[in-house]
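I have placed the structure first, in the form of structure tokens, so that the comments after it can refer back to it.
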Amino acid sequence: MKAKVQDLFKQPLRLILIVLIMACLIVFIAYPLVQIFLASFISNQELSFEGYKRVLSGGQLSSSLINSILLASIVSVLSTAIAYFFAYVFAYVKIPFKMVFNGIAILPIISPPFVIALSAILLFGRNGFISSSLLGIENANIYGLHGLILVQTLTFFPVAFLVLSGLLRSISPALEEASDNLGSTKWQTFARVTLPLSLPGIGNAFLLVFIQSMADFGNPMTIGGDYNTVAREIYLQAVGSYNMQSGAALAMLLLSVTVILYAIQKFWLGKKNYVTVTGKPTSARRLVSDGPFRLAVITICYAISATVALFYILVPIGSFIQLWGVNNSFTLDHYQYVFSIGQKAVIDTFKLSAIATPIGGLFAMVLAYLIVRQRFAGKRVMEGLSMMSIAIPGTVIGISYILAFNQAPLAITGTALIIIAAFIVRAMPVGIRSGVTSLQQIDPSIEEAATNLGASGSKTFFTIVLPLIRPAFFSSLVYTFVKSMTAMSAVIFLISAKYNLITASILAQVESGRIGVASAYCTLLIILMIIAMLILNVLTNLFTKRWTFPRKGKKDQVKEVAAQDSISL
């Protein structure tokens, strides 16, 4: 019976599907990377190492790489420390309104890449509310390394929190209780039991923030000032100076750093998971419910949460201010600009994201199904190519697409296709991992029931498998849409007069000093994403409602549905 499931698509459709998917992965992932690698060694159609010499010679390009590593190191330490503190309080202390923490953790995911940076300018800039109005500091300078540390820490610590919160809650209370029973103090139990068990998660969170900080493009462009970073310098070399070889060489060095760190995260730290849940019944963890320690950590957590919330609230407020710090009168001029002159960027972004979302979501689920349920030559290569983009910075993807698709036979630069492809490639790995995890929890015999009743492979996938992995499918749709709407680093290279995007328009407004218009764009973008996520949820539920089964007798219900559907085959 197992062989029957493994050979579910042993027909022309299966071969066509595998060939098409592999071709897409080669064309939109492998081919651009090969092109950027070759471009880093070629100048005027001749072999040249000039690009790498410029980067490693100790000049501006070399300093940008060093600056990025320094910035990423500081931000990673601070973000991981704050995230671990939050996660520990979340898991060990009884506090009211815990959902606030989850809300703070989700904000950076659904918000544009400029929100914190814009708020920092509104608070601490030359006309900032705190720097100028409250403290009376003239010509305050938030731009540079200190500004980037503040902005990136507030942006990325929620990402580390998502990693650490689940890990700390999964540690078995029995080990900590045993330490307490042997006479250890709370501090000794934490230092000798809790902290060592959470080291793999700390390492993963640190590396994740480090990679994101290295690849960050929006914040350095907005608030970096004279502090050059590698992601920004790649853009300036490729677009500003049009020195593609130096930009490609710098991109390859950035790619090398992120790939090495991702490999360490996956193959070294991934193996250091300490098993504490053995299946034996254990009592629930006793949360700290009173005392000065509880009061202190609650105060700190809510102070940090209020700070993050303030940074996000300021952007909508700033969108209604005529000229922040100079003329604080109420105005709708910024929104009038967005809905008139800036209307095209809004429509283009929404249209392209709406096209990329169903394609990317379905593509990820089909690829996950092939990886988990099918056997064919080259499966490992397909899986490796599909997950490769998770370690590729957006700026590297952007410049590689310019190099790969700017000439025949794939001259698609300036078209909607190249932007949609970038959207899908950036979001695809998360959807695939989500689909793989869901499929591994589903008994293959459910699909066997449909096959035995005469359903084809495609019929089984769309009527049985896809409804059963609805949560993964929905998360893939949402993630694809959100990443597409807020994409910046990859698509900044790909926009043209024909297609513009909101994030590029925000960057243009920030560079020209029109913070109010940029704030209006950000506010509108957040509202659009929230509405779209609600609509996606409704559509996904409607799409799979017919095949939602009760917990009792799920396999029999599937067989009945498969029998009914087989009539129309």
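Because only heavy atoms are used, hydrogens play no part in the values below, and waters and symmetry mates are left out as well, while side chains stay in. Predicted model, so just to flag it, every value in this text is computed and none were measured.
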Check: Just wondering, do Leu367 and Ile371 contact through their side chains at under 4.5 Å, heavy atoms?
Finding: yes

Check: So, the side chain of Ser400 versus the backbone of Ile397: is there a donor-acceptor pair under 3.5 Å, distance only?
Finding: yes

Which pairs of donor and acceptor atoms, one on a side chain in residues 246-254, lie under 3.5 Å apart (sequence neighbours left out)?
{"unit_1": "Ser246", "atom_1": "OG", "unit_2": "Arg54", "atom_2": "NH1", "d": "3.0"}
{"unit_1": "Ser246", "atom_1": "OG", "unit_2": "Asn243", "atom_2": "OD1", "d": "3.3"}
{"unit_1": "Ser246", "atom_1": "OG", "unit_2": "Asn243", "atom_2": "ND2", "d": "3.2"}

Check: Are Leu118 and Cys522 close enough, and set up right, to give a side chain to side chain contact (heavy atoms under 4.5 Å, CB included), and what steps lead you there?
Finding: CA-CA 9 Å; Leu118 285 177; Cys522 287; 3.6 Å; yes

Note to self: Show the nearest heavy-atom pair for residues Ile402 and Thr413, with the distance to one decimal.
What the structure shows: CD1-CG2, 4.2 Å

Item checked: Partners passing side-chain hydrogen bond (donor to acceptor under 3.5 Å, both in side chains) against Lys344 (at least two apart in sequence or in another chain) -> Asp348

Check: Are any of the side-chain heavy atoms of Pro393 and Leu255 separated by less than 4.5 Å?
Finding: yes

Notebook entry, point to check: Do you know which two heavy atoms are closest between Tyr227 and Leu71, and how far apart they sit?
Noted result: OH-N, 4.2 Å

Next item on the list: Could you tell me which non-hydrogen atom of Phe28 sits nearest to which non-hydrogen atom of Tyr401, and how far apart they are?
Entry: O-OH, 2.7 Å

Note to self: With heavy-atom distances below 4.5 Å as the criterion, would you say the side chains of Met244 and Ile399 are in contact?
What the structure shows: yes

Next item on the list: Determine the minimum heavy-atom distance between Gln245 and Phe49, stating which atoms define it.
Entry: NE2-N, 4.4 Å

Note to self: So, taking the atom named CE in Met382 and the one named CD1 in Ile26, what distance separates them when rounded to the nearest 0.5 Å?
What the structure shows: 9.0 Å

Notebook entry, point to check: When rounded to the nearest 0.5 angstrom, what distance separates CD1 in Ile16 from CD1 in Ile21?
Noted result: 12.0 Å

Next item on the list: Would you check if Val491 and Arg426 make a side-chain contact, meaning some heavy-atom pair closer than 4.5 Å?
Entry: no

Next item on the list: Could you tell me whether the side chain of Asp226 reaches within less than 4.5 Å of the side chain of Tyr143, counting heavy atoms only?
Entry: no

Next item on the list: Tell me, with the steps shown, if Asn204 and Leu208 meet side chain to side chain contact (heavy atoms under 4.5 Å, CB included).
Entry: CA-CA 6 Å; Asn204 274 287; Leu208 181 63; over 6 Å; no

Next item on the list: Just do the side-chain hydrogen bond (donor to acceptor under 3.5 Å, both in side chains) check on Tyr52 and Ser40 with the steps written out, would you?
Entry: CA-CA 8 Å; Tyr52 289 99; Ser40 68; 2.9 Å; yes

Next item on the list: Nearest 0.5 Å please: distance from the CE atom of Met485 over to the CD1 atom of Ile502.
Entry: 4.5 Å

Next item on the list: Scan for side chain to side chain donor-acceptor pair (under 3.5 Å) pairs involving residues 57-74, sequence neighbours excluded, and state none if there are none.
Entry: Gln60-Glu233

Notebook entry, point to check: With sequence neighbours left out, what residues match Tyr84 under ring pair (Phe, Tyr, Trp, His ring centres under 6.0 Å)?
Noted result: none

Next item on the list: For the pair Tyr31 and Phe405, name the ring-plane relationship: parallel under 30°, tilted 30 to 60°, perpendicular over 60°.
Entry: tilted

Notebook entry, point to check: Would you call Phe217 and Ile492 a side-chain contact if the rule is heavy atoms closer than 4.5 Å?
Noted result: yes

Note to self: So, taking the atom named CD1 in Ile420 and the one named OG1 in Thr415, what distance separates them when rounded to the nearest 0.5 Å?
What the structure shows: 8.0 Å

Checklist line | Met488 CE to Asn219 CG distance, which is reported to the nearest 0.5 Å | finding: 10.5 Å

Atom pairs and distances, side-chain donor-acceptor, residues 503-512, under 3.5 Å, sequence neighbours left out:
{"unit_1": "Thr503", "atom_1": "OG1", "unit_2": "Ala487", "atom_2": "O", "d": "2.6"}
{"unit_1": "Ser505", "atom_1": "OG", "unit_2": "Asn500", "atom_2": "ND2", "d": "3.3"}
{"unit_1": "Ser505", "atom_1": "OG", "unit_2": "Leu501", "atom_2": "O", "d": "3.2"}
{"unit_1": "Gln509", "atom_1": "NE2", "unit_2": "Tyr337", "atom_2": "OH", "d": "3.3"}
{"unit_1": "Ser512", "atom_1": "OG", "unit_2": "Ala508", "atom_2": "O", "d": "3.1"}
{"unit_1": "Ser512", "atom_1": "OG", "unit_2": "Gln509", "atom_2": "O", "d": "3.0"}

Notebook entry, point to check: Do the ring planes of Phe124 and Phe311 sit parallel (below 30°), tilted (30 to 60°) or perpendicular (above 60°)?
Noted result: tilted

Next item on the list: Decide if the gap between the ring center of Phe41 and the ring center of Phe37 is smaller than 6.0 angstrom.
Entry: yes

Contacts under 3.5 angstrom, residues 144-156 side chains, donor-acceptor by atom type, not counting sequence neighbours:
{"unit_1": "His146", "atom_1": "NE2", "unit_2": "Asn141", "atom_2": "O", "d": "2.8"}
{"unit_1": "Gln152", "atom_1": "OE1", "unit_2": "Ser213", "atom_2": "OG", "d": "2.5"}
{"unit_1": "Gln152", "atom_1": "NE2", "unit_2": "Asp216", "atom_2": "OD2", "d": "2.9"}
{"unit_1": "Thr153", "atom_1": "OG1", "unit_2": "Ile149", "atom_2": "O", "d": "2.6"}
{"unit_1": "Thr155", "atom_1": "OG1", "unit_2": "Val151", "atom_2": "O", "d": "2.7"}

Notebook entry, point to check: Counting N and O atoms only, with roles assigned by atom type, does the side chain of Arg373 sit under 3.5 Å from a partner on the main chain of Leu439, one being a donor and the other an acceptor?
Noted result: yes

Next item on the list: Determine whether Phe423 and Thr480 make a side-chain contact, defined as any pair of heavy atoms from C-beta on separated by less than 4.5 Å.
Entry: no

Next item on the list: Work out which heavy atom in Leu494 is nearest to a heavy atom in Gly398; give both atom names and the distance.
Entry: CD2-O, 3.9 Å

Notebook entry, point to check: Considering all heavy atoms of both residues, which atom of Leu370 and which atom of Phe376 are nearest to each other, and what is their separation?
Noted result: O-CE2, 3.8 Å

Note to self: Measuring only between side-chain heavy atoms, which start at C-beta, is Ile234 closer than 4.5 Å to Phe493?
What the structure shows: yes

Item checked: Under 3.5 Å: donor-acceptor pair, side chain of Thr229, backbone of Pro220 -> no

Check: Does a donor on one side chain sit under 3.5 Å from an acceptor on the other, for Thr395 and Tyr235?
Finding: no

Check: What is the distance from atom OG of Ser386 to atom CE of Met428, rounded to the nearest 0.5 Å?
Finding: 5.5 Å

